[in-house]
Each structure stands twice: as C-alpha cells, then as structure tokens.
Amino acid sequence: MVQTNNLTFKYNNKEAVFQFPNITLQEQESLLILGKSGIGKTTLLHLLAGLLQPTSGSVVIDELDINALSHSQLDNFRGQNIGLVFQKSHAITSLSVYDNLKARLFFSKKNINRTEIDILLEQLDLTNTKYSTINELSEGQLQRLGIAMAVIHGPKIILADEPTSSLDNENCSIVMHLLQQQAQKNKANLIVITHDARITSSFKNVLTL
Amino acid sequence: MNNWIISIKNLLHKPLYAFLSIFSLSISVGLLLGIQQLDTSIQNQFTNTLGNIEMVVGAKGSPLQLVLSSVLHIDNPTGNVKYSEVEKLKKNPLIKKAVPISYGDNFKGYRIVGSTLEFAKIYDAQLLKGKEVENSMEVVLGNNVAQKLNLEIGDTFISSHGLTENAIEEHKQSFKVVGIYKPTYKVIDKLIVTNLSSIWDVHHHEEEEEEEVHEAHEHPTQKHEDKEVTSILVSFRNPMGLMTMPRNINVNSNMQAALPKYELDRLFRFTGVGVKAISWIAYIILLISCITIFISLYKMVKERSFDLALMRTYGASNFQLFRIIAFEGIVIVFISLFFGFLFAQLGLYFIVTLFKSQFQQDIILTYSIKQMLNNILIVILIAMVSILFAIFPLLKMNISKILSDEK
C-alpha cells in the first residue's frame with residue numbers, strides 16, 4: 001500500500017513550493033499521474049522513491065513512513081522495495097547486461113538464481129544481448145533492460161518517469177504492456193508519471209496535477 | 001557480484017586511464033625502491049669489503065685513490081712504499097696487524113696481489129680446494145676469477161704488466177694455480193693472490209734484463225727490506241692508534257695514511273647527492289602519478305555520476321559507492337606496487353650485471369625492510385589522499401538532480 005499525506009516540497013534555490021494531492025493506493029493498484037512540464041511530476045516521483053526529503057508531509061509504504069528512516073535504512077528500503085524506470089534508460093556502462101542485473105540484485109541484497117534471470121531476459125526479449133555491453137544495445141533494448149532492472153528484485157512499487165514520451169505508438173504500447181505485466185507478476189503497485197496522454201486508457205486511476 | 005568485481009570492471013572499462021595511472025605510479029615506485037636498494041647494497045658491499053682494515057698506508061697522493069685502489073681494487077695505486085716501513089709498523093705497539101700488499105700486474109684484467117697469508121684472513125676467505133701459497137710464483141684464485149677464467153689447480157698462466165688486460169707487456173715467468181678460495185662476496189673474489197716474493201721476482205727478472213746484467217740471480221737471498229710494496233693494510237689494537245697514527249704518518253713521513261671508513265663515507269656523500277636527486281625525481285613522479293590517479297578517479301566520478309546515482313537507486317549506500325571508487329584506486333596502487341617492485345628488481349639486475357662486468361665485483365642486493373616499508377607507506381598514503389580527494393564529490397552528490405538532468 002502506498003499513501004502520501006500533505007506532501008510539499010521546496011527546492012533550496014527556488015521560491016515556488018510544490019504542493020501535491022494525497023495519494024492512496026491499495027496493493028497491486030496502478031496510478032497514472034498526468035501533468036504538464038514543470039508542474040513537479042518528477043519531484044513527486046523522487047519523493048515517492050525517497051530520493052528527496054519532503055519539506056512537509058510524508059510518504060508511507062506498507063505502513064512504513066519512509067521519511068522517518070535513516071539514510072542507510074532508506075537506501076536499503078529503496079533497493080529492496082522500489083523499482084525505477086526512466087524516460088531514457090540507463091545502466092552501469094562498465095558492466096554487461098547480465099552483470100547489470102547481478103549488480104542490481106547485489107545492491108538490493110537479494111538473491112535469485114540464474115534461471116530466473118534467464119526467464120526475465122527471455123520475457124523482455126533480451127536473451128541474445130545477455131553478455132553485450134550497454135553501448136552495444138539499441139534504444140529499444142536499453143528501454144527493456146531498464147524495465148528488467150526495475151523489476152528483477154521483486155519490488156513492491158514500480159515508479160516510471162515518462163517511460164513512453166520518446167517512443168512511437170507501437171513501442172509505447174509494448175513498454176506499457178511490459179510494465180503492467182511485470183507489476184502484475186510481482187504483485188506491485190505501478191505509478192507512472194507522464195505528460196503522454198496516449199497511455200491514459202491503460203489506467204483505471206488517473207491523477208492530474 | 002561484489003564491490004571488487006564492479007571496481008575492476010570499471011577499471012577495465014577505461015583501460016587507458018588505468019594503464020597511465022599504473023604505469024606512472026610503477027615507474028616512481030620502481031625508481032624509489034630501486035635507487036635506495038642499490039645505494040644500501042653498494043654501501044653494505046663496500047663496508048663489508050673493508051673487513052677489519054682501519055687504515056691504509058701508501059705513497060703520498062689522494063687518500064680516496066689509495067683506499068679505492070688498495071681496499072676496493074677499483075683504481076690505480078698512488079705509488080710504492082719501502083717494505084722496511086711494514087716492519088716498522090708491525091713493531092708499533094698500537095698496531096695489531098700490518099698486512100703489506102703489492103700489485104701492478106694482471107691476468108686477463110684480474111689483479112694479481114702479492115701479500116702474506118694474513119691477507120686472506122682479512123676477508124675470511126677459505127680454501128675451496130688446493131692449498132695456500134707456499135712458494136714464489138704460486139697463486140690462489142678468488143672464486144670469481146676461477147669461474148670466469150676456467151682455471152683449475154695445476155694450471156699455469158703468464159701475467160701482464162699493468163692493471164688492465166693487454167697482451168703486449170707480458171712477463172716471462174708463469175704463475176701456477178695451487179688453490180681456489182670459496183666465494184666470499186668480497187673483493188678477494190676478483191683477485192689472484194700470491195706472495196710478495198712472486199711480485200718482486202717477476203719485476204726483478206725484468207729489471208735485470210733491461211739493465212743487461214748477466215750476473216747470477218741474487219733475488220732469493222735478497223733482503224726484503226730493499227723491496228717495495230704498494231700499500232699496507234692496518235688494523236689497531238685500540239682506538240688510540242686510530243686517533244694518533246694517521247696524523248703521525250701524514251706529518252712525519254713521506255707516506256700517507258688514509259682511513260677507509262672516512263674516505264668511503266666521503267665517497268657516499270658525493271654519490272649520495274645523486275641518490276638524493278634520483279629519489280627526488282622519483283617523489284616528483286610519484287606526486288604526478290597520484291595526481292593522475294586523482295584526475296582519472298575524479299573524472300570517473302563526474303563522467304559516471306549517472307551510473308553512481310543509478311547505483312544509489314538500486315540500494316547502494318553512499319559508503320558503498322565510496323568503497324567501489326576507493327577500491328579502483330587501491331587496485332591501481334597495489335598493481336603499481338607490484339610492477340614497481342618488479343621494475344626495481346629488473347633494473348637492479350642489469351646494474352649489478354653491469355657492475356660485475358665493469359669491476360668484476362659481485363654485489364649482494366640487500367633490502368632495508370624499514371626503508372622499503374617507509375617508501376610503500378608513503379606511496380599508499382599519497383595515493384589514498386588523492387583517492388579521497390577524488391571521491392569527495394560523492395558527498396555532495398544530488399541523486400535527484402542527476403537523474404532529472406539526464407532524463
């Protein structure tokens with residue numbers, strides 16, 4: 001369960017204060033957050049991921065106020081329970097696809113066997129690139145790897161930041177399908193923030209900022 | 001997967017940076033360790049060669065030349081002194097031993113030194129085979145000489161005049177090998193040792209021929225007092241001798257007394273300037289290589305800030321990122337220490353080989369563990385400081401901003 005209470009955030013060098021509506025998501029529920037550029041979508045996502053500390057208010061995940069956690073506890077919590085997908089996918093450039101997934105598990109302190117990694121790679125059509133370096137991947141492969149990195153450790157929440165903004169219609173629906181499929185498989189909440197109205201129909205819950 | 005593997009893969013991802021850092025640090029470590037080990041080894045070797053020789057008495061001239069020629073056998077003698085002076089010195093109550101040596105001939109570049117049986121004792125030389133010299137024209141070979149010239153007991157050879165190999169000024173009489181010393185790693189290893197009579201006999205014969213004197217040889221019965229030796233190696237009964245005798249000889253005789261320890265200290269002070277200069281160059285290279293490590297790690301932190309921010313989203317703590325980057329620096333430092341040590345040993349091997357071929361003298365490479373540890377600690381310390389400076393930006397890393405900017 002994900003719940004936010006009276007979340008506000010102010011950047012040090014800016015006057016404006018972002019005020020966010022409360023969010024409550026039950027287990028396995030998904031949410032699409034729509035909004036124009038500069039409205040604070042990414043800020044909200046980073047608050048939900050614990051990457052930013054709110055000026056006021058709180059983020060509660062599974063009855064745990066993540067803002068009350070110490071830095072190391074928050075790192076641990078984030079590593080084990082949250083998966084992040086970015087508009088432009090990234091991975092650790094010095095590692096291969098397979099090593100990236102192993103590194104992800106290492107940082108999350110989770111252990112899954114080689115077969116499960118192979119199954120995930122197959123689901124995301126990345127089997128042939130298992131030992132490729134990041135620079136050898138196409139944009140589409142990189143995007144799918146980003147999803148794999150976000151779900152490999154079985155997170156409780158998948159947070160996606162503009163995952164489809166730069167994609168054509170076909171790839172947009174492929175990525176959304178994969179995200180929802182993986183969220184369902186992991187029984188995780190999926191929260192997508194975007195200004196891309198094409199994906200509105202994929203969600204029951206839509207919040208406009 | 002662990003932090004070390006990630007660090008090593010990061011290093012391999014930028015092999016040129018890693019190579020440059022390792023190469024420059026290895027060179028400075030090699031220079032530092034090599035030059036100091038060489039300096040220590042040569043000083044030990046020279047000091048070891050002194051044995052218990054506290055004073056050398058010879059003809060007037062440069063005292064350093066006298067020591068280099070009569071103790072280390074790497075220079076020309078200053079001249080000769082009367083053998084009667086040996087007897088006088090022996091009778092002095094302050095003197096424990098006065099060992100005369102006479103040289104001026106060589107066989108294939110190896111010096112032939114005429115002396116008494118006491119000479120071998122100065123260097124604790126023991127016979128490997130054969131016997132000590134008993135008669136004129138018999139020799140015992142230093143171990144290096146026997147090995148290099150492939151001479152055995154019973155072999156004979158003809159010596160040449162002078163201290164360098166030549167076939168023009170050969171003497172007429174031949175020497176016979178009667179013994180070979182065990183290796184001592186001291187100067188005696190490169191000498192051909194005979195008695196004083198042999199040296200006198202060789203030269204007396206030739207003087208006779210030159211003067212065309214056809215009278216019967218009288219040298220066997222000639223008294224030693226009329227003869228000359230090159231120098232006298234002296235050890236004292238007590239420190240009083242060391243304090244008074246050299247000045248006494250230098251002021252009141254036509255000979256000079258040189259103190260080997262003092263002269264070698266002086267020599268080391270001269271060569272020490274070179275050692276210090278090379279050490280400073282090594283320290284400067286060390287500093288440059290640590291700056292290279294700093295730049296490459298700092299650049300890595302900056303260039304891969306998104307990678308590092310990603311690792312934070314994966315659950316890595318700030319401290320874990322610190323360790324991953326620090327491990328990269330540590331891997332560079334330890335590989336450099338290994339290669340630096342290897343460079344030093346290779347360099348020393350070539351220098352020792354060169355020294356042996358130039359001066360026919362083995363140098364035993366000795367380590368000063370304390371000095372080596374000091375150097376290694378300095379290298380590690382400076383490298384660690386540069387690593388810390390490089391990873392400092394991690395403290396101020398704003399993950400949210402990096403992730404937003406890269407979006």
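Nothing here was measured: the structure is a model prediction, and the numbers come from that model.
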Let's test your reading of the structure: which of [options] forms the most heavy-atom pairs below 4.5 Å with chain B?
{"options": "His71(A), Gln80(A), Met149(A)", "value": "Met149(A)"}
{"options": "Thr93(A), Leu52(A), Leu51(A), Asn76(A)", "value": "Thr93(A)"}
{"options": "Leu74(A), Asp75(A), Asn81(A)", "value": "Asp75(A)"}
{"options": "Gly79(A), Ser94(A), Ala49(A), Ser72(A)", "value": "Ser94(A)"}

Discussion item. If the condition is ring-ring contact (aromatic ring centres under 6.0 Å, His included), which residues does Tyr131(A) pass it with, not counting sequence neighbours?
Written reply: Tyr98(A)
Worksheet item: What's the shortest heavy-atom distance between Ser26(B) and Ile22(B), and which atoms?
Response: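 In terms of heavy atoms, the two residues are closest at OG-O, 2.6 Å.
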Item to complete: Give the minimum heavy-atom separation between Val333(B) and Ala383(B), together with the two atoms involved.
Response: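 Distance-wise, the nearest heavy atoms are CG2-CB, 3.3 Å.
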Discussion item. Between Ser56(A) and Thr8(A), do the side chains contain a donor N or O and an acceptor N or O under 3.5 Å apart?
Written reply: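 The criterion, which ignores hydrogens and geometry beyond distance, is satisfied for Ser56(A) and Thr8(A).
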Discussion item. Does atom OH (Tyr298(B)) have a neighbourhood of more than 12 heavy atoms from anything else shown, all under 6.0 Å?
Written reply: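 No.
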Item to complete: Side chain from CB out, backbone as N, CA, C, O: work out which of these in Ile324(B) comes under 4.5 Å of a heavy atom of chain A, or both, or neither.
Response: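 Just the side chain, heavy atoms under 4.5 Å.
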Fill in: Proximity breakdown for Asn3(B) and chain A, heavy-atom pairs closer than 4.5 Å
both
Worksheet item: So what's closer than 4.5 Å to chain B heavy atoms on Asp99(A): side chain, backbone, both or neither?
Response: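 For Asp99(A), the contact with chain B is made by backbone and side chain together.
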Worksheet entry | Leu95(A) versus chain B, the contacting section by heavy-atom distance below 4.5 Å |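 Just its side chain gets close to chain B.
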Worksheet entry | Under 3.5 Å: donor-acceptor pair, side chain of Asp62(A), backbone of Leu64(A) |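 Not a single qualifying donor-acceptor pair exists.
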